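Note on naming: letters A, B, ... go to the chains in the order of the sequence lines (proteins, then strands), and numbering restarts at 1 for each one. These values consider heavy atoms only, across backbone and side chains, with no hydrogens, waters or symmetry-generated copies. Given the structure is predicted, the values throughout are model-derived calculations rather than measurements.
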Amino acid sequence: MLDPKTVRSDPERVAEQLQVRGFTLDVAAIEALENQRKSLQINAESLQAERNSRSKNIGKAKAAGDDIAPLLAEVEQLKSDLEAAEKSLHEVQQELEVLLSGIPNIPDAEVPPGQTEDDNVEINRWGEARRFDFPIQDHVDLGDKLGLLDFDVAAKITGSRFAVMHGQLAQLHRALIQFMLNTHTVDNGYSEVNVPFIVNSDSLYGTGQLPKFEEDLFKLRADNEFYLIPTAEVPVTNLYRNEIVDADKLPLKFVAHTPCFRSEAGSYGRDTRGMIRQHQFEKVELVQFVRPEESQEALMGLLRNAEVILEKLGLPYRTVILCGGDIGFSAARTYDIEVWLPSQDKYREISSCSNFRDFQARRMKSRWRNPKTKKPELLHTVNGSGLAVGRTLVAVMENYQREDGRIDIPEVLQPLMGGLTVIG
RNA sequence: GGUGAGGUGGCCGAGUGGCCGAAGGCGCUCCCCUGCUAAGGGAGUAUAUCUUGAUCGGUAUCGAGGGUUCGAAUCCCUCCCUCACCGCCA
């Protein structure tokens, strides 16, 4: 959520900034509602003040043993006026709330213009795409021929967009998770956290998935507002919902491995082959809570933490900054890391690292006590994948494939695979 | 799932209809005293929002949401959560 004061005081400017992401702010509607809200609030609050003082007088009169009947009569009209005033104020406030919570974050000035991912700007490239002197296979064929990756049986037990991994491939998947967690905890100073994979609607509101993007989520039952997490960002970021953090605890850096569940509504026909886009996948997520002035630096550090994983795995990648049209709802700035996939002859997203500034913190009321002002102030939140495990597995399979269809194991993973050097 | 007890400020804890945004204690901040430590004295110390140049002040918030009442932390209803015991269970 944006600062209502900012939206209120200079809606034209906010609207202009949101243009970069192709969002049209209904300035007229906001101003109209704001004006209503203001007068209704002043009216309701003065009636409340009136009621409070009169009620106090009644209390005093009663204590003094006076007759309170005339006082009660005076207050009668006030009561119904107040009820009406509170009701209309409440309605307008709700309308405003709906409108405000539907406004995306303001992109940083550095965010390039553009509508689609084609307008994203490359800022970094590492490694060289391997040249194969034999016909390459994609991960689906590789896994199938090795007998280690099975989409058909997954379709039987559940449906499309699920996968079953067997044996050494399942083990490699697990080794990747272990490798990422180890690197982030030991080398990068994150503290590991294990969180629920089911969250309530308040948490999803806090990070910005609700109310606008409910169709992307798996909802459990209608009666209890529980959802499967679409990313660890939700439970981990909400660790500090409604909290005030001591300044000396900052920055808070967490790494969590969780499954992620996405309905993938609206992605029909995209990435239908293989395990690039699944309803269920696993991810190692990095989340930081930082002082406002440090969030940009924190984002660059976090991005680097994610990139290093690919470098250690020897997987070529490039990093892009997302253009205005491609950036997510809650983010002010996002860098995507894209890994090289030989079968597709292109780079594919494997991590998304964002600075949310105070957008999520405002929704969550996540604050820190600023020693300078001694007041609670909003934190900044920064997060990113470090990395998406399923896609990393795909990248390893395809980049490390051999002519005989077997798959070499990257050196850093070998100790976690019991010394195994090749799969198959 | 059943029964019972609870959810109050950074923490502990009092408060069963008005004098309660909330006693007392702890913690923290500032000041004084004490000239090592320890102790002692005084003041301050929730959040959001509106109004204001800033104060002053208004409003809301005692798990959440409704209700009763002139007036609710306090009474009623629903829900959530915690604890204890029982049941069930990896």
Side-chain angles (χ1 to χ4, degrees), chain A residues 1-9 30-31 33-101 194-206 210-211 219-227 235 238-250 252 289 358 361-379:
Chain A
M1 183 131 92
L2 299 178
D3 186 354
K5 284 185 203 156
T6 310
V7 178
R8 190 184 305 162
S9 64
I30 287 187
E31 284 182 332
L33 276 173
E34 249 315 307
N35 288 334
Q36 279 188 62
R37 191 225 93 227
K38 199 167 183 174
S39 64
L40 287 173
Q41 184 168 345
I42 289 169
N43 180 243
E45 288 189 357
S46 68
L47 285 172
Q48 284 169 332
E50 179 77 11
R51 176 207 58 196
N52 289 346
S53 78
R54 282 179 187 264
S55 290
K56 270 192 181 157
N57 288 337
I58 291 175
K60 280 179 196 157
K62 206 174 174 185
D66 297 342
D67 179 19
I68 59 169
L71 293 172
L72 289 180
E74 275 178 37
V75 128
E76 202 171 318
Q77 179 63 35
L78 186 62
K79 198 190 175 190
S80 58
D81 288 352
L82 180 58
E83 255 169 44
E86 281 177 336
K87 185 160 176 267
S88 41
L89 173 63
H90 194 68
E91 281 167 7
V92 169
Q93 274 177 330
Q94 267 193 330
E95 274 183 68
L96 257 180
E97 172 70 26
V98 167
L99 220 155
L100 282 172
S101 66
N194 190 294
V195 292
F197 306 152
I198 296 175
V199 292
N200 58 34
S201 53
D202 286 343
S203 293
L204 287 157
Y205 177 84
L210 289 182
K219 189 171 188 175
L220 292 185
R221 287 206 318 249
D223 58 345
N224 66 9
E225 297 290 302
F226 282 174
Y227 298 81
N238 276 278
L239 286 171
Y240 288 89
R241 171 151 54 87
N242 284 323
E243 301 285 342
I244 301 173
V245 183
D246 290 338
D248 58 13
K249 298 253 171 42
L250 297 173
L252 290 160
F289 301 84
D358 61 13
R362 184 170 293 105
R363 288 174 161 236
M364 293 192 302
K365 298 184 173 63
S366 298
R367 292 160 296 173
W368 65 301
R369 201 170 286 278
N370 186 340
K372 282 183 193 151
T373 61
K374 296 191 176 176
K375 287 282 180 191
E377 295 175 13
L378 293 173
L379 285 162

Checklist entry - Just how far, in rounded Å, is P of B:C70 from CG of A:L47? => result 17 Å
Checklist entry - Does OP1 or OP2 of B:C50 have a side-chain N or O of A:R8 closer than 4.0 Å? => result yes
Checklist entry - If we take the P atom in both B:U61 and B:G2, what is their distance in whole Å? => result 32 Å
Checklist entry - Side chain of A:N200, backbone of A:D202: donor and acceptor closer than 3.5 Å? => result yes
Next on the checklist: Reading RNA chain B from 5' onward, which residue's closest nucleotide shows up sooner: A:E83 or A:E86?
Outcome noted: A:E86
Checklist entry - Hey, does A:R367 reach any base, or is it just sugar-phosphate, or nothing, if we go heavy atoms under 4.0 Å? => result sugar-phosphate
Contact list (N/O, under 3.5 angstrom) for nucleotides 56-59 of chain B vs protein:
{"unit_1": "B:G58", "atom_1": "N2", "unit_2": "A:E45", "atom_2": "OE1", "d": "2.4"}
{"unit_1": "B:G58", "atom_1": "N2", "unit_2": "A:E45", "atom_2": "OE2", "d": "3.4"}
{"unit_1": "B:U59", "atom_1": "OP1", "unit_2": "A:N52", "atom_2": "ND2", "d": "3.1"}
{"unit_1": "B:U59", "atom_1": "O3'", "unit_2": "A:Q48", "atom_2": "OE1", "d": "3.2"}
{"unit_1": "B:U59", "atom_1": "O2'", "unit_2": "A:Q48", "atom_2": "OE1", "d": "2.7"}

Checklist entry - Considering only the P atoms, how many Å lie between B:C56 and B:G40, rounded to the nearest integer? => result 33 Å
Checklist entry - What is the base-pairing partner of B:A5, counting Watson-Crick and G-U wobble geometry with both distances under 3.5 Å? => result B:U82
Checklist outcome for this item: 5'-most contact on RNA chain B (nearest-nucleotide basis), A:H90 vs A:S55, goes to A:S55
Item to check | Strand partner of B:C62, provided both Watson-Crick or wobble distances fall under 3.5 Å | outcome: none
Checklist entry - So, A:S55 and A:N52: side-chain donor and acceptor under 3.5 Å apart, yes or no? => result no
Checklist entry - When the C1' atoms of B:A22 and B:A72 are considered, how many whole Å apart are they? => result 13 Å
Checklist entry - Which whole-number value in Å describes the distance from A:R369 CZ to B:A46 P? => result 9 Å
Checklist entry - Which value, in whole Å, describes the distance between the C1' atoms of nucleotides B:G66 and B:U49? => result 23 Å
Item to check | A:R367 to A:L378 - nearest heavy-atom pair and separation | outcome: CG-CD2, 3.8 Å
Next on the checklist: Taking pairing as Watson-Crick or G-U wobble with both contacts under 3.5 Å, can you name the mate of B:U68, or confirm there isn't one?
Outcome noted: none
Checklist entry - Does any donor atom in the side chain of A:R241 or A:S203 lie under 3.5 Å from an acceptor atom in the other side chain? => result yes
Checklist entry - Among side-chain atoms of A:E95 and A:Q36, is any donor-acceptor pair under 3.5 angstrom? => result no
Next on the checklist: One thing to verify: whether A:E34 and A:R8 come together as a salt bridge, which I'm taking to mean a side-chain N less than 4.0 angstrom from a carboxylate O.
Outcome noted: yes
Checklist entry - Using a distance-only test with no angle check, is there a side-chain donor-acceptor pair under 3.5 angstrom linking A:N35 and A:E31? => result no
Checklist outcome for this item: Re B:G87: Watson-Crick or G-U wobble partner, both distances kept under 3.5 Å, found to be none
Checklist entry - If the P atom of B:G58 is compared with that of B:A64, how far apart are they to the nearest Å? => result 23 Å
Checklist entry - If the P atom of B:U55 is compared with that of B:U45, how far apart are they to the nearest Å? => result 15 Å
Checklist entry - Distance between the C1' atoms of B:C19 and B:G71, in whole angstroms? => result 13 Å
Checklist entry - When the P atoms of B:A43 and B:U37 are considered, how many whole Å apart are they? => result 25 Å
Next on the checklist: As a test of reading the structure: which of B:U69, B:U47, B:U49 is closest to the side chain of A:K5, going by heavy atoms?
Outcome noted: B:U49
Checklist outcome for this item: If pairing means Watson-Crick or G-U wobble with both distances under 3.5 Å, then the partner of B:U74 is none
Next on the checklist: Is there a side-chain contact between A:K56 and the phosphate of B:G18, meaning an N or O under 4.0 Å from OP1 or OP2?
Outcome noted: no
Next on the checklist: Check A:K87 with A:E91, please: is the shortest side-chain N to carboxylate O separation under 4.0 Å?
Outcome noted: yes
Checklist entry - Does A:K62 make a side-chain N or O approach to OP1 or OP2 of B:C70 shorter than 4.0 Å? => result no
Item to check | Identity of whatever pairs with B:G53 - Watson-Crick or G-U, under 3.5 angstrom | outcome: none
Checklist outcome for this item: Any strand, both distances under 3.5 Å, Watson-Crick or G-U wobble: B:C28 pairs with B:G44
Item to check | Nearest-angstrom distance from the residue atom CE of A:M364 to P of B:U47 | outcome: 19 Å
Item to check | NZ/NE/NH1/NH2 to OD/OE distance under 4.0 Å, A:R54 and A:E50 | outcome: yes
Checklist entry - For B:U34, which nucleotide in any strand shown is its Watson-Crick or wobble partner with both distances under 3.5 Å? => result none
